[in-house]
Amino acid sequence: MSTTHTLDTSTSRAHPVPSPMKRLTVPKIQAMKGGDPIVMLTAYSARMAQLLDPHCEILLVGDSLGQVIYGLPSTVPVTIEMMCAHGAAVVRGSYHSVVAIDMPFGSYEASPAQAFENAARILKETGAAAVKLEGGEAMAETVTFLTRRGIPVIGHVGLTPQAVNALGGYGARGRNEAEAKKIVADAKTVAEAGCFAMVLEGVMEEIANEITRNIACPTIGIGASVHCDGQVLVTEDMLGMFERTAKFVKRYDDLAVRIDQAASTYAAEVRSRSFPTDDQIYRAGK
Ligand code: KIV
């Protein structure tokens, strides 16, 4: 059954019709390992969260908002303030999915204590249930530190966009044996450190398969084949908002073209004074 929403503009609160399902929990996501595929999409705004929420198990407030929303060249300049503002909006717009928020570059790598302080801030200010952080073995101690202190963590290995300066680009990872072994070892270490799910981004199919079969938590793939326990895409990519997308993106719509057409029709009607019409104006006594 699909859910529709009315938006109370005075509070920005969405009221779902029919009444909301209970929100999923981190243990429920964990328990999906090897079962029904986990559906995850990114969301950065309340309205998009409302639309995606009935279809997803996890809504990710990805630091990809740096490029998608802010027009930044990478995720590196993204701040905690951006993640908190968009994270809170997504929590307000959702009732069903687990909301997870990316820890931005520079907010968790220095020490487990730094990571705890910033992850706690993100959860307090947004109401989200979990954070996601990038990295392999070097992040294992931090993942254990956070999870033992009540902060659920999603790991992220393979292509880790925050490391773009070190990696030299966004190409798929694990093309040679040494790199493939390192990614598998990283995934196992981070999973054993306590994360409840793990994003595998831009890795060879064989690597995704091996990791998925050998770690206890669900894997969620993006450019990592159908062998993963779930899939994630950047919503604006799959909606066709951008001319160029990675090979692993499937476009489910062509919104950029449709927005261009709508804006063009609007502009033409404004210029020809055929908008607004009687239907859109206020008249005394009406
Ligand atoms: O930032 C993001 O949107 C992500 C997903 C693509 C996994 O990390």
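When a ligand or atom number is given, it counts from 1 through the structure's own listing order.
Judged as a salt bridge (Lys or Arg N to Asp or Glu O under 4.0 Å), the pairs with a partner in residues 153-175 (not counting sequence neighbours) are, in order, Arg173-Glu179.
With contacts defined as side-chain heavy-atom distances shorter than 4.5 Å, the pair Phe116/Arg148 does not qualify. The closest side-chain heavy-atom distance from Thr142 to Pro112 is below 4.5 Å.
Checked for salt-bridge contact, Glu210 and Lys181 miss the test: no charged N lies under 4.0 Å from a carboxylate O.
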Distances under 3.5 Å, N/O of ligand 1 against N/O of the protein: list each pair and its distance.
residue, atom, partner, partner atom, Å
ligand 1, 1 (O), Asp63, N, 3.2
ligand 1, 1 (O), Asp63, OD1, 3.0
ligand 1, 1 (O), Ser64, N, 3.0
ligand 1, 1 (O), Ser64, OG, 3.3
ligand 1, 1 (O), Asp102, OD2, 3.1
ligand 1, 3 (O), Ser64, OG, 2.5
ligand 1, 8 (O), Lys132, NZ, 2.9

Cut-off 3.5 Å, no hydrogens considered: what does the side-chain donor-acceptor table look like for residues 149-158, sequence neighbours left out?
residue, atom, partner, partner atom, Å
Arg149, NH1, Phe145, O, 3.1
His156, ND1, Lys132, NZ, 2.7
His156, NE2, Leu159, O, 3.2
His156, NE2, Glu201, OE1, 2.9

Please tabulate, one pair per line, all N/O donor-acceptor pairs under 3.5 Å involving side-chain atoms of residues 219-239, not counting sequence neighbours.
residue, atom, partner, partner atom, Å
Thr219, OG1, Thr212, OG1, 2.8
Thr219, OG1, Asp229, N, 3.1
Thr219, OG1, Asp229, OD2, 3.4
Ser225, OG, His227, N, 3.1
His227, NE2, Glu205, OE2, 2.9
Asp229, OD1, Gly34, N, 3.2
Asp229, OD2, Lys33, NZ, 2.8
Asp229, OD2, Thr219, N, 2.9
Gln231, NE2, Ser225, O, 2.9
Thr235, OG1, Thr42, N, 3.4
Thr235, OG1, Thr42, O, 2.5

